[in-house]
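Shown next, in C-alpha cells, is the structure this report addresses.
These numbers come from a predicted model, not from an experiment. Order of listing sets the numbers, starting from 1, for every ligand and every atom in it.
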Amino acid sequence: MKRVITYGTYDLLHFGHINLLKRAKKLGDYLIVALSTDEFNLKEKNKKSYFSYNKRKDLLEAIRYVDLVIPEEDWDQKINDIKEFKIDTFVIGDDWKGKFDFLKEYCDVVYLPRTPEISTTQIKKDLKK
Ligand code: C2G
C-alpha cells in the first residue's frame, strides 16, 4: 500500500484544495493530510483560521480522497510523520517548490501545480467588494 502525505491549512476549503487532494491520492492508495492547527496558523503562518481546526478536520474527513487527518503543529514534524506513518510520497503544491527537498532522504517528494485563479485570500477580497 503506497502511503501519501500532504500538509496545509485548508481554510475556506475550495476547489483548488480539492484538486490538490484528488491528484495527491492518485499518487498512492492512502492519503494523510496533516492539517495546520489554529495555534500553528497564528504562530507560524500569521493567519487566523476562519474555521476552527475541528471544523476544518470534519470537512477534510468528508472528502473521498482523504483517509486520515492528523494535526500539523510544527514545521519540523514532517520527518517524524514520514517515519511514523511509513510514508512513500510527500506531496504539496508547487508554491512550495524546493522547500521540502530535504525530505527526499526519506520519501519521494512531489510538487503539484497549484490550481490558478483561486485562493482563500482572493475569496476574502472578493467578498469584501
Ligand atoms: N493549493 C493549490 N491550489 C490553490 C490553492 C492551494 O494547489 N489554488 C494547494 C497548496 O499548494 C497546498 C494545499 O492546496 O498544497 C493547501 O493549501 P494551504 O492551506 O494554503 O496550505 P499552506 O498554508 O501553504 O500550508 O507545512 C506546509 C504548510 O502547512 C502548507
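- Considering CD of Glu61 and NZ of Lys57, their distance stands at 3.5 Å, rounded to 0.5 Å.
- The side-chain hydrogen bond (donor to acceptor under 3.5 Å, both in side chains) search around Asn19 returns Thr115, not counting sequence neighbours.
- At a cut-off of 3.5 Å, with distance as the only test, no side-chain donor of Asn80 or Glu84 sits close to an acceptor on the other residue.
- Listed by first and then second residue, the side chain to side chain donor-acceptor pair (under 3.5 Å) pairs that reach into residues 116-126 are Gln122-Asp126, Asp126-Lys129, sequence neighbours excluded.
- Through side-chain heavy atoms spaced under 4.5 Å, either directly or across other Ile, Leu, Val, Met, Phe, Trp or Tyr residues, Ile87 is tied to Met1, Ile5, Tyr7, Tyr30, Ile32, Phe40, Leu68, Ile70, Trp75, Ile79, Ile82, Phe85, Phe90, Ile92, Trp96, Phe100, Phe102, Leu103, Tyr106, Val109, Tyr111.
- Within the 3.5 Å criterion, the main-chain N or O of Ser52 finds no donor-acceptor partner in the side chain of Asp38.
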Pairs under 3.5 Å, N/O atoms on ligand 1 and on the protein: can you put them in a table with the distances?
unit_1   : atom_1 : unit_2 : atom_2 : d
ligand 1 : 3 (N)  : Thr115 : N      : 3.1
ligand 1 : 8 (N)  : Thr115 : O      : 2.8
ligand 1 : 8 (N)  : Ile118 : O      : 2.7
ligand 1 : 11 (O) : Gly93  : N      : 3.4
ligand 1 : 11 (O) : Asp95  : OD1    : 2.7
ligand 1 : 15 (O) : Gly93  : N      : 3.0
ligand 1 : 19 (O) : Thr9   : N      : 2.9
ligand 1 : 19 (O) : Tyr10  : N      : 2.8
ligand 1 : 23 (O) : Lys45  : NZ     : 3.2
ligand 1 : 23 (O) : Lys47  : NZ     : 2.9
ligand 1 : 24 (O) : Trp96  : NE1    : 2.9
ligand 1 : 25 (O) : Lys45  : NZ     : 2.9
ligand 1 : 26 (O) : Glu72  : OE2    : 2.6
ligand 1 : 26 (O) : Lys78  : NZ     : 2.8
ligand 1 : 29 (O) : Lys45  : NZ     : 2.9
ligand 1 : 29 (O) : Glu72  : OE1    : 2.6
ligand 1 : 29 (O) : Glu72  : OE2    : 3.4

